[in-house]
Amino acid sequence: QVQLMESGGGLVQPGGSLRLSCAASGSIFSIDLMGWYRQAPGKQRELVAAITRSDFTTYAASVKGRFTISRDNAKNTVYLQMNSLKPEETAVYYCNVLARLGVGSQVTGYWGQGTQVTVSS
């Protein structure tokens with residue numbers, strides 16, 4: 001069906017930057033919404049940012065002005081540029097897409113396997 005391949009996580013010092021990528025593949029007709037979530041140990045998964053096919057974006061209040069989400073529709077890929085990272089943003093970051101597998105088909109959500117982001121000195 002739909003596979004999501006995430007990359008770009010790792011260890012970064014406070015104040016540093018990382019860029020996450022998530023490429024979707026499979027029998028995709030269209031992708032309506034692409035987004036990034038994160039889950040820290042002991043906490044619920046939360047929305048970080050999302051972007052529609054027409055590039056309308058939404059961000060969690062805590063990341064506005066520091067994170068930028070973008071997408072390449074030709075490559076079915078979404079990116080998350082993260083700047084000025086804070087230790088409390090250490091988490092597993094997950095890619096999520098809402099995709100259609102055919103004309104008139106329902107929208108279905110898919111999750112990536114997650115990529116670890118660790119912000120520490």
Side-chain angles (χ1 to χ4, degrees):
Q1 299 218 336
V2 177
Q3 296 80 42
L4 301 178
M5 181 62 70
E6 299 153 336
S7 61
L11 173 65
V12 63
Q13 292 187 342
S17 298
L18 282 175
R19 188 189 193 216
L20 306 182
S21 300
C22 173
S25 61
S27 303
I28 301 169
F29 175 72
S30 67
I31 298 178
D32 292 356
L33 186 71
M34 307 184 86
W36 289 96
Y37 289 72
R38 66 188 177 190
Q39 188 167 18
K43 294 188 176 181
Q44 288 189 331
R45 191 172 298 189
E46 62 175 356
L47 175 67
V48 177
I51 184 168
T52 68
R53 188 169 183 83
S54 56
D55 288 340
F56 177 82
T57 59
T58 187
Y59 294 93
S62 61
V63 307
K64 280 183 179 178
R66 298 186 297 117
F67 289 15
T68 302
I69 189 170
S70 60
R71 65 188 280 176
D72 184 332
N73 291 328
K75 297 181 179 179
N76 285 336
T77 299
V78 61
Y79 307 95
L80 185 68
Q81 177 66 44
M82 305 185 293
N83 299 328
S84 303
L85 281 160
K86 304 174 182 179
E88 56 265 36
E89 294 178 311
T90 294
V92 178
Y93 284 68
Y94 295 91
C95 175
N96 175 266
V97 303
L98 299 180
R100 300 176 190 269
L101 303 185
V103 177
S105 66
Q106 65 181 11
V107 173
T108 303
Y110 299 90
W111 290 96
Q113 80 285 354
T115 184
Q116 177 70 44
V117 172
T118 301
V119 186
S120 175
S121 55

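Just so you know, these numbers use all the heavy atoms, side chains as well, and skip hydrogens, waters and symmetry mates. Quick caveat: nothing in here was measured; it's all calculated off a predicted structure.
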Review point. Does CD belonging to E88 count more than 12 external heavy atoms closer than 6.0 Å?
Key: yes
Check your understanding: If you look at every heavy atom in S84 and S17, which pair is closest and at what distance?
Key -> N-OG, 4.3 Å
Revision key, fill the gap. Note: Y94 and G112 closest approach over all heavy atoms is CD2-O, 3.6 Å
Review point. Do we see a donor-acceptor contact under 3.5 Å between the side chains of T118 and S120?
Key: no
Review point. Hey, is the main chain of V119 close enough, under 3.5 Å, to the side chain of E89 for a donor-acceptor pair?
Key: no
**Study point:** Path from Y93 to Y110 over hydrophobic side-chain contacts below 4.5 Å
**Key:** yes
Point to revise | Polar side-chain atom of N83 near backbone of F67 as donor-acceptor pair, under 3.5 Å | key: no
Point to revise | Shortest non-hydrogen contact from Y59 toward A49 | key: CD2-CB, 3.5 Å
Point to revise | Side chain R100, main chain S105, donor-acceptor under 3.5 Å | key: yes
Practice item. Starting at OG of S25, measure out to CD of Q1 and round the result to the nearest 0.5 Å. Key: 12.0 Å
Point to revise | Among Q81, M82, E6, the one residue meeting side chain to side chain contact (heavy atoms under 4.5 Å, CB included) with L20 | key: M82
**Study point:** Closest approach of V97 to M34 (non-hydrogen atoms, all atoms of both residues)
**Key:** CG1-CE, 3.8 Å
Practice item. Quick one: pull up CG in L98 and OG1 in T108 and give me the separation to the nearest 0.5 Å. Key: 8.5 Å
Review point. Side chain to side chain contact (heavy atoms under 4.5 Å, CB included) between Y79 and D72: does it pass, once the steps are laid out?
Key: CA-CA 8 Å; Y79 307 95; D72 184 332; 4.2 Å; yes
**Study point:** Min side-chain heavy-atom separation Y37-L47 under 4.5 Å
**Key:** yes
Practice item. Taking all non-hydrogen atoms of both residues into account, name the closest pair between A24 and V2 and its distance. Key: CB-CG1, 4.5 Å
Review point. With a 4.5 Å heavy-atom cut-off, do R53 and R71 have their side chains touching?
Key: yes
Review point. Rounded to the nearest 0.5 Å, what separation is found between the OG1 atom of T58 and the CD1 atom of I69?
Key: 9.5 Å
Practice item. Could you grab the distance from atom CG of D32 to atom OG of S54, nearest 0.5 Å is fine? Key: 10.0 Å
Review point. Hey, does Q116 have a side-chain heavy atom less than 4.5 Å from the side chain of T90?
Key: yes
Check your understanding: So do the side chains of W111 and C95 get within less than 4.5 Å of each other, counting heavy atoms only?
Key -> no
Review point. So, for L33 and A50, which heavy atoms are closest and what is the spacing to 0.1 Å?
Key: CD1-CB, 4.2 Å
Practice item. Mark yes or no for whether Q39, through its side chain, and V92, through its backbone, hold a donor-acceptor pair below 3.5 Å. Key: no
Study note, to complete from the structure: Distance col, row R38:CZ vs T115:OG1, nearest 0.5 angstrom, shows 14.0 Å
Check your understanding: Just how far is it from atom CD1 of I51 to atom CD1 of I31, taken to the nearest 0.5 Å?
Key -> 12.0 Å
